[in-house]
Amino acid sequence: MNMDEKNNHHKKMLKEFKIKFIVSLILTVPILIFSPTIQSWIGYELKFIGYEYVLFVLASIVYFYGGMPFFKGMVDEFREKSPGMMTLITVAISVAYVYSSAVIFGLEGRFFFWELVTLIDIMLLGHWIEMRSVIGASRALEELVKIMPTEAHRKINGEIEDISVEELNVDDIVLVKPGEKIPTDGTVIEGETSVNESMITGESKPVHKAKGDEVIGGAINGEGSLTVRVEKTGEDTYLNQVVQMVSEAQESESKSQDIANKAALLLTIISISVGILTFFIWVFINSDISFAIERTATVMVITCPHALGLAIPLVIARSTALAAQSGLLIRERKAFEKARDLEAVVFDKTGTLTLGEFGVTDIIEMKNYNKDEILQFAATLENNSEHPIATGIVKSAKEKDIDQKKVKEFESIPGKGVKGIIDQKEFMVVSPNYVKENNLEFDEAKISKFKEEAKTIVFLLQGKDVIGALALADIIREESKDAIKRLKKMGLKCMMLTGDNKYVASWVADELGLDDYIAEVLPDEKADEIKKVKKNYKIAMVGDGVNDAPALVTADVGIAIGAGTDVAIESADIILVKNDPRNVADILELSKSTYSKMKQNLIWATGYNAIAIPLAVGILYPLGFILPPAIGAIIMSLSTVIVAINARLLKGV
C-alpha cells in the first residue's frame with residue numbers, strides 16, 4: 001500500500017468510526033431511558049409490555065452495526081495469527097450481548113444492554129480519536145507532497161506554453177517567474193535569483209542561484225526570473241524520493257516496536273487468562289453469572305493493548321516526518337535508534353569539516369604593508385589566473401569586501417607565479433621556490449609555524465622586496481566549530497579520519513578541538529580504521545557517501561552529509577541534505593528525544609494496567625466499589641489519547 005492509498009484508508013476509517021459513533025450514540029439514548037438499572041438510579045419507572053424486546057432490538061443494531069469494525073479487526077488479527085486489541089473488544093462485547101440476549105429469551109439472570117452499548121460507543125469514540133492522531137502524525141509528510149506545483153511554463157521555439165508538471169520531460173526548458181514554485185528538479189541555464197528551500201531542506205536563508213546551479217522542485221523562486229533545464233521528473237525528483245523514503249522509514253520496524261509488539265501479545269494472553277479466571281472466581285464466590293460476565297468484560301476491555309499498539313508507530317511517524325522537513329533523511333530506523341547510544345563521532349575532513357577548497361588562513365606582514373593591503377594586491381594579480389590557489393586568494397578578498405585595483409601588463413610565469421603593474425609599481429605573487437632561487441631575503445621565522453602545519457605559502461613581492469606572505473589551506477567550516485562543541489557537550493568523543501598528511505590533520509584537529517585524528521589514510525583503508533575505533537566506542541561515521549562508502553557501512557551508524565538532491569545514497573543510514581556538520585548534532589538530539597518519547601509511551605501504555613486490571617477484576621468489591629465496563633473503556637481510551645498527544649509533543653530540530 002503506497003502513501004496515498006494508506007492515507008485514503010485512514011481517512012475512510014476515520015469517517016466510518018465517526019458515522020458509526022454518532023448513529024450508535026443516538027440509539028443509546030432510548031436504551032438508557034428504558035434500562036431498569038438507570039431508572040432505579042435516577043428514581044423513575046417507565047415500563048410497557050415488551051419493552052425488553054425493544055431494548056434487545058436497539059442493542060442488537062448497536063452491537064452489529066457499531067461493533068462491525070471490531071469484528072473485522074478480529075478476523076484480520078486471526079489471519080495474521082496475532083490476536084490482540086480487536087479480539088479482546090469483540091470477545092468482551094459478544095459475551096455481554098449473547099448473555100443479555102439469552103436472559104431476554106428466558107435465561108435466569110439480568111441483562112446489561114446499557115453497559116454493552118455505552119462500551120461500544122466509547123470504543124468507537126476512542127478509535128475515532130486514534131484515527132485523527134494517526135492522520136495528524138502523517139500530516140507533515142502530506143505537507144511535503146503539497147509543496148509540488150501543478151503547472152509549468154515550458155519554452156518551445158521561443159514560445160511559452162502552460163502545461164501540467166506531469167507532462168514535463170528531461171531536457172525540457174521551463175521558465176520560472178518571480179514568486180512561483182520551481183516545477184521540478186533542474187539546472188539554471190539563464191537568470192539569477194534567490195530561492196527559498198526552507199520547506200524542503202530546512203535551509204532557513206534564501207539560497208542564491210545563478211547559471212549552472214541546481215534547483216529543487218517545490219522551492220519558491222525569489223525576485224528574479226529563471227530559465228531551467230529539467231533534469232528529473234516524476235518519481236526521480238528529490239521531493240518524491242524524500243516522500244518515498246520517509247514513508248518507508250515510518251513503516252519500518254524498530255527495536256522499540258519489537259518490544260511493544262511482544263508486550264501487546266503478552267498483554268492479550270494475560271487479558272484472556274485473567275478474564276476467564278475472573279469469570280470462574282466470581283461465579284464461585286456469589287453464583288451471579290451476570291456479575292461474573294460484567295467483571296470479565298471489564299477486564300478484557302481495560303487490558304486492551306490499544307495504547308501499546310500506538311505507542312511506537314505514532315512517535316516514529318512524527319519524528320521521521322519532522323526530520324525530513326529539516327533536511328535530515330532517515331533511511332534505516334534501527335540505526336537512527338542506535339544513534340542515542342553513540343560514544344564517538346568520526347568525521348571525514350575534506351568537504352565535511354572543511355569546505356574542500358583553498359582559502360587564505362593567515363596573512364604575514366613583512367614590510368610597510370598591512371594585511372588588507374597584502375591581500376588586496378595579491379587578489380588583484382591572481383584575479384587573472386585559473387589556479388586553485390589564485391581562486392582561493394580572490395575568494396578570500398571578496399569575503400572581506402576588499403576591492404581589487406587595476407592591473408596593467410599582467411603576465412603569468414609558469415610554475416613560478418604572476419606579475420603586473422599596480423599603482424605604477426611592479427608586484428608579483430610567487431612560490432617559495434622562486435624566492436629561494438632568487439635569494440630574496442625575508443624573515444623565515446614568521447612562516448615556520450605555517451610550514452609545520454603543511455599550509456601552502458605564497459609570497460607577495462614589490463620589485464625585489466618580499467613585502468608579505470599568504471598561507472592557504474582547505475578552509476575549516478565555521479559550522480564545524482559549533483558542531484564539535486555541541487557534540488562534546490553531549491559527551492561524545494570527536495575524531496577525524498583523513499587522507500591528508502599528519503601536519504594538516506593536526507592543524508585542523510587543534511583548530512576544532514578534536515579529541516583525536518587519524519591521518520594519511522587511503523580511501524580503501526578507512527573501513528579498517530573504523531573497525532579499530534569500534535573496538536573501543538560505539539561510533540557514527542560522517543562522510544560524503546562516495547569515497548567514504550565502506551567506512552559508512554562499517555560504522556554503527558553511517559551518516560552521509562551534504563548529499564544535496566542525491567538522496568539515494570545506499571551506504572548511509574542517515575542522509576543530511578545540507579553540507580552542515582551541525583546537522584549531525586541535530587540528528588543525534590532528535591534520536592535521543594524520540595527514544596525518550598517512545599519510552600514514556602511504553603511506560604504509560606503498560607503501567608496503567610498495573611492499577612486498572614485489579615480494579616477491573618473487582619478487588620475493591622468488599623469496600624463497595626465496582627468499576628463498570630463503560631468506565632473501564634473510558635480509562636482504556638484515555639490512555640490511548642494520552643499516548644497520541646505525547647507523540648504529537650515531539651519537537652523537530
For a 4.5 angstrom cut-off between non-hydrogen side-chain atoms, does Trp507 reach Ile476? yes
What are the two closest heavy atoms between Thr90 and Met74, and how far apart are they? CG2-SD, 3.6 Å
Does the Asp515 side chain pair with the main chain of Cys494, one donor and one acceptor, at a distance under 3.5 Å? yes
Using atom types as modelled and distance alone, determine if a side-chain donor or acceptor of Asp556 lies under 3.5 Å from a backbone N or O of Ile539. yes
Can you find a heavy atom in the side chain of Phe336 that is under 4.5 Å from one in the side chain of Leu328? no
Could you check Asp573 against Lys338 for salt bridge (charged side-chain N to carboxylate O under 4.0 Å, His left out), going step by step and ending with a plain yes or no? CA-CA 11 Å; Asp573 301 308; Lys338 277 186 193 175; over 6 Å; no
May I ask you to decide if Glu343's main-chain N or O and Lys538's side chain share a donor-acceptor pair within less than 3.5 Å? no
How long is the gap from CD1 on Ile182 to NZ on Lys209, to the nearest 0.5 Å? 7.5 Å
Which atom names give the shortest non-hydrogen contact between Lys488 and Gly513, and what distance separates them? NZ-O, 2.6 Å
Just so I know, are the side chains of Val195 and Ile220 near enough to count as touching, which here means a heavy-atom distance under 4.5 Å? no
Shortest non-hydrogen separation from Thr554 to Ala527 and the atoms involved: OG1-CB, 3.5 Å
Does the Thr184 side chain pair with the main chain of Lys232, one donor and one acceptor, at a distance under 3.5 Å? yes
Residues, nucleotides or ligands: over 12 heavy atoms within 6.0 Å of Lys18 NZ: no
Please check this pair: side chain of Arg340 against backbone of Glu337, looking for a donor-acceptor N/O pair closer than 3.5 Å. yes
Does the side chain of Leu514 come within less than 4.5 Å of Met495's, by heavy atoms? no
Whether Arg477 side chain and Pro581 backbone form a donor-acceptor pair below 3.5 Å: no
Taking Thr187's backbone N and O only, do any of them form a donor-acceptor pair with Glu214's side chain (distance below 3.5 Å, no angle check)? no
More than 12 foreign heavy atoms under 6.0 Å from CD1 of Ile619: is that the case here? no
Got a donor-acceptor contact below 3.5 angstrom from the Ser591 side chain to the Ile587 backbone? no
Between CZ of Phe21 and CD of Glu16, what distance do you get to the nearest 0.5 Å? 15.0 Å
Here the gap from Ile574 atom CD1 to Leu588 atom CG, rounded to the nearest 0.5 Å, amounts to 7.5 Å
Out of curiosity, Thr320 OG1 to Leu590 CG, how far, rounded to the nearest 0.5 Å? 8.5 Å
Compare all side-chain heavy atoms of Leu342 with those of Tyr537 and state whether any distance is below 4.5 angstrom. no
Atom NZ in Lys532, atom CD1 in Ile518: separation rounded to 0.5 Å? 8.0 Å
Looking only at heavy atoms, which two atoms of Lys534 and Ala555 are closest? And how far apart? CD-CA, 4.2 Å
Contact summary for Val542 and Val345, nearest pair of heavy atoms: CG2-CG1, 3.7 Å
For a quick check under 3.5 Å, do Asn646 and Gln600 share a side-chain donor-acceptor pair by atom type? yes
Side chains of Asp580 and Asn583 only: does a donor on one sit below 3.5 Å from an acceptor on the other? no
Apply side chain to side chain contact (heavy atoms under 4.5 Å, CB included) to Ile120 and Ile93, showing your working. CA-CA 8 Å; Ile120 291 173; Ile93 62 176; 4.0 Å; yes
Side chains of Arg318 and Lys597: closer than 4.5 Å at any heavy-atom pair? no
CE on Met541 to CD on Glu529, rounded to 0.5 Å: 11.0 Å
Would you call Val176 and Val215 a side-chain contact if the rule is heavy atoms closer than 4.5 Å? no
Determine, step by step, whether Asp76 and Arg79 satisfy the salt bridge (charged side-chain N to carboxylate O under 4.0 Å, His left out) criterion, reporting the C-alpha distance in whole Å, the side-chain angles of both residues, the deciding distance to 0.1 Å, and the verdict. CA-CA 5 Å; Asp76 291 338; Arg79 279 177 182 163; 3.7 Å; yes
Can you name the nearest heavy-atom pair linking Lys349 to Thr498, along with the distance? CE-OG1, 3.5 Å
Does the side chain of Phe347 reach to within under 4.5 Å of the side chain of Leu497, using non-hydrogen atoms? no
Just do the side chain to side chain contact (heavy atoms under 4.5 Å, CB included) check on Ser194 and Val207 with the steps written out, would you? CA-CA 5 Å; Ser194 58; Val207 182; over 6 Å; no
Option from Leu353, Asp516, Thr354 for which side chain to side chain contact (heavy atoms under 4.5 Å, CB included) with Met496 holds: Leu353
